[in-house]
Structure formats: C-alpha cells, structure tokens
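Working notes, beginning with the structure itself.
Source: prediction; values computed, not measured.
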Amino acid sequence: MSRRPDKGDEKARQLYDRAMAIIDEEWRGAGATEEELERSRLAARLYGAGFMVMLRDQREELLIPLDPERGVLLGIRLPEGWWRGDLAKLLRTGEELTIPQLIQVLRELEECAPDEPVVKVVSGSAKA
Amino acid sequence: MTLEELLAADPNTLPYRLRRLATGEVVVASFEPSTAEDAEESGGEDWRGAKFAEVWPEFVELPGTLKLVLAHGEDRRIQGIMRLGQVEAPSCPLTGSLLESAPWNQEGAEPRGYAGVGRALVRRLVVESLRQGGEGSILDRAAPGSVGFYRALGFVVVPPGEPPDHVFLTRKRAFELLEEAWGVTYEP
C-alpha cells in the first residue's frame with residue numbers, strides 16, 4: 001500500500017503543491033472564489049479518504065463527498081448521526097446506490113428520526 | 001487479457017497505442033521511469049508551453065515519475081509525462097497524480113503529433129490504482145482547460161454542482177478504458 005515517506009516524498013509533495021497552485025490560479029482566472037476552492041479541497045480530502053456516496057440512475061452518475069465530522073454530505077444535509085450504524089456501510093467508496101435506493105434509505109432514516117429534517121439541499125445539484 | 005494477467009504484467013510495458021496524426025499509423029508506446037537526464041528535455045524549448053513546465057524538470061529525478069515514449073523507432077522524445085499518485089487505503093481512489101501530454105500532442109497543437117497520449121496516461125493510472133489495492137478509480141484535479149479532456153474519458157465532475165475542479169473516474173468507467181485497450185472486463 002503506501003510507501004514509507006522519505007526525502008524524495010517531501011520534495012515530491014512540494015512540487016505537487018506548486019502544480020496545484022498553478023491550477024488554483026487558472027481557476028481564479030476563470031472566476032472561482034476562494035471559498036469555492038477551499039470547499040473543493042475539502043471534498044478532495046474526503047474523496048481521497050473514501051468518504052463518498054455514489055448515486056446512479058440510467059442517465060447520470062453523481063458522487064457526493066461525505067463529511068463524517070459534521071454528519072453531512074456536501075450537497076445534501078442529513079440528520080446528525082444518521083451515517084453511523086448499519087447505514088454507514090452504504091457510504092463506503094465504490095458502493096453504488098441508485099437514486100430510488102437512496103430515497104428508500106432516506107425514508108428509513110425518517111422513520112428512525114421523525115423530528116429531524118431528512119434531507120436539505122445546502123449546495124450542489126444532487127437530484128435526490 | 002484477464003485482470004489477473006494484467007496485474008501480473010509489467011504495467012509500464014503494456015501496449016499503449018497512439019495514433020500518428022500525420023499518417024494515421026498506430027504505434028505502440030511504453031512507460032519508462034524518468035531520470036535526471038530528462039530534465040533538459042522536459043525543461044527545454046519544446047516543453048515551454050506545458051502547463052506544468054516549471055515542475056517537470058524537478059519531478060523527473062524522483063521515483064514515481066514516468067515518461068511515455070515510443071516503444072520502437074528513432075523518435076525518443078517524451079510524448080507524455082506523469083507523476084503516479086497513491087491509494088491511501090483499500091478501495092479508495094488513486095489521488096495525487098499529475099499528468100501532461102507533450103505540448104505538440106495536446107488538443108489545438110498545430111501540427112499535432114500523436115493522439116491518445118492522455119488516454120494512455122490515464123490507463124496507466126487505472127492500472128496503478130489496481131496495483132496499489134484500489135479498485136481502478138481515480139481522483140484528479142482538473143484545470144479549467146482540461147475538464148473537457150477528462151469528461152471525454154468518462155470522468156465525472158465532483159462534487160456535483162460545484163465548480164468543476166476535481167474529476168473522478170469510477171471503477172466502472174475505469175474498467176471500460178481497460179476493456180477498450182486490452183479486453184479486460186469489469187467484474188463487480
């Protein structure tokens with residue numbers, strides 16, 4: 001799996017950061033805000049760690065990062081703690097939920113926590 | 001080729017096919033570890049228009065940096081270059097990669113040399129993802145001008161609705177790229 005870090009890794013990290021700064025600058029030039037860039041970095045860290053949910057239907061495939069610290073999907077807010085327990089297994093990298101399956105999951109959650117809003121779109125364009 | 005055969009093979013010498021646009025001829029390329037000797041070429045006049053021109057001459061001497069060159073013939077130029085990323089945990093995507101086609105192979109170059117370089121670089125990343133214990137999925141950052149390239153290969157922009165900064169290749173699409181090149185099939 002991961003290699004043991006060495007001096008070459010540190011230099012590689014610095015070079016990679018320089019390359020990412022080049023991309024940042026291009027996005028700023030294209031009109032991206034610092035908030036958008038920061039949110040994008042957070043999403044990338046979550047994806048890289050395997051926290052994501054994939055929604056698929058016949059036309060499109062959506063991936064939404066899950067922030068386990070705040071209990072939210074970036075794009076869809078869920079009741080605090082909902083991702084713990086049995087349902088958490090649905091939110092591992094590579095798991096594929098169809099949109100109807102996700103809706104079923106959300107219904108089950110609603111039954112578990114009827115006083116909490118089940119789903120609230122906070123950003124993004126998720127179709128669930 | 002089966003998945004087992006793919007993973008047993010040297011990932012650098014799999015047949016990565018390119019098309020010479022001037023003649024339509026299909027040629028085979030392979031990956032080689034870059035060395036300090038490649039700094040002059042990657043930092044030279046021909047690479048001046050590369051997006052990451054300032055970092056490649058330093059990356060080439062580090063382990064994990066690969067160059068794509070033609071497997072046969074006299075043309076030994078670097079057709080594409082990449083930094084391999086890492087799979088941080090089982091089933092996680094390969095992250096932290098950096099890749100770029102030589103300026104003369106990029107869309108819009110005139111005359112353009114070879115088609116298929118970017119696709120070859122991404123296929124090498126898919127194989128790397130699998131070899132490191134991943135499932136073939138890749139997460140990359142895309143510059144504004146590169147989003148179309150990634151989308152054409154089947155990457156999706158993530159997260160949905162956000163500025164298209166990161167692009168993700170799902171396991172399914174990753175295997176479609178492998179099947180297209182080497183007949184490796186997707187087995188969920």
Side-chain angles (χ1 to χ4, degrees), chain A residues 1-3 6-9 11-33 36-37 39-52 54-56 60-65 73-76 92-96 121 123-127, chain B residues 50-65 83-100 132-147 154-168 170-173 188:
Chain A
M1 194 61 57
S2 298
R3 291 178 296 111
D6 57 25
K7 290 179 182 174
D9 289 329
K11 183 175 182 186
R13 191 186 61 75
Q14 291 173 2
L15 290 172
Y16 184 78
D17 287 347
R18 280 167 56 188
M20 293 304 102
I22 292 169
I23 294 180
D24 279 347
E25 202 50 45
E26 291 204 11
W27 276 108
R28 287 189 191 99
T33 65
E36 287 170 334
L37 288 170
R39 191 159 58 225
S40 185
R41 290 187 197 102
L42 170 62
R45 284 197 294 275
L46 296 170
Y47 281 128
F51 292 107
M52 69 179 72
M54 178 188 294
L55 312 181
R56 299 186 62 200
E60 60 186 326
E61 197 168 53
L62 303 176
L63 291 106
I64 303 173
L73 293 172
L74 300 185
I76 300 177
R92 306 298 301 190
T93 303
E95 293 291 344
E96 297 181 4
V121 176
S123 67
S125 60
K127 306 265 188 313
Chain B
K51 185 181 301 299
F52 304 118
E54 71 176 67
V55 296
W56 289 128
E58 295 182 65
F59 258 137
V60 292
E61 63 183 53
L62 299 179
T65 307
R83 175 81 193 161
L84 294 173
Q86 287 192 290
V87 174
E88 297 296 341
S91 82
C92 287
L94 185 80
T95 58
S97 304
L98 192 67
L99 60 150
E100 187 162 22
Q132 290 191 26
E135 297 177 329
S137 57
I138 299 169
L139 177 70
D140 259 334
R141 266 195 98 192
S146 306
V147 173
F155 282 75
V156 292
V157 172
V158 294
E162 299 292 325
D165 185 12
H166 286 85
V167 287
F168 188 85
T170 64
R171 177 179 53 179
K172 182 172 182 290
R173 282 296 298 139

Exercise for the section: Against chain B, label A:I22 side chain, backbone, both or neither, depending on which of its atoms sit under 4.5 Å from a heavy atom there. Expected result: side chain
Handout entry: Contacting moiety of A:A19, where chain B heavy atoms sit under 4.5 Å
Key = both
Handout entry: Any donor-acceptor pair under 3.5 Å from B:R83 side chain to A:A12 backbone
Key = no
Problem - All side-chain hydrogen bond (donor to acceptor under 3.5 Å, both in side chains) counterparts of B:S146, not counting sequence neighbours - result: none
Exercise for the section: Flag the pair A:L15 / B:L98 as yes when at least one side-chain heavy-atom distance between them is below 4.5 Å, and no otherwise. Expected result: no
Exercise for the section: Can you see which heavy atom on B:E54 is nearest to which on A:R18, and at what distance? Expected result: O-NH2, 3.3 Å
Handout entry: Side chains of B:K51 and A:E26 in contact at under 4.5 Å (non-hydrogen atoms)
Key = yes
Handout entry: Contact origin within B:E61 toward chain A - heavy atom pairs under 4.5 Å
Key = side chain
Problem - Pairwise side-chain contact, B:R141 with A:D24, heavy-atom cut-off 4.5 Å (strictly under) - result: yes
Handout entry: Distance-minimising heavy-atom pair for A:Y16 and B:F59
Key = N-CZ, 3.7 Å
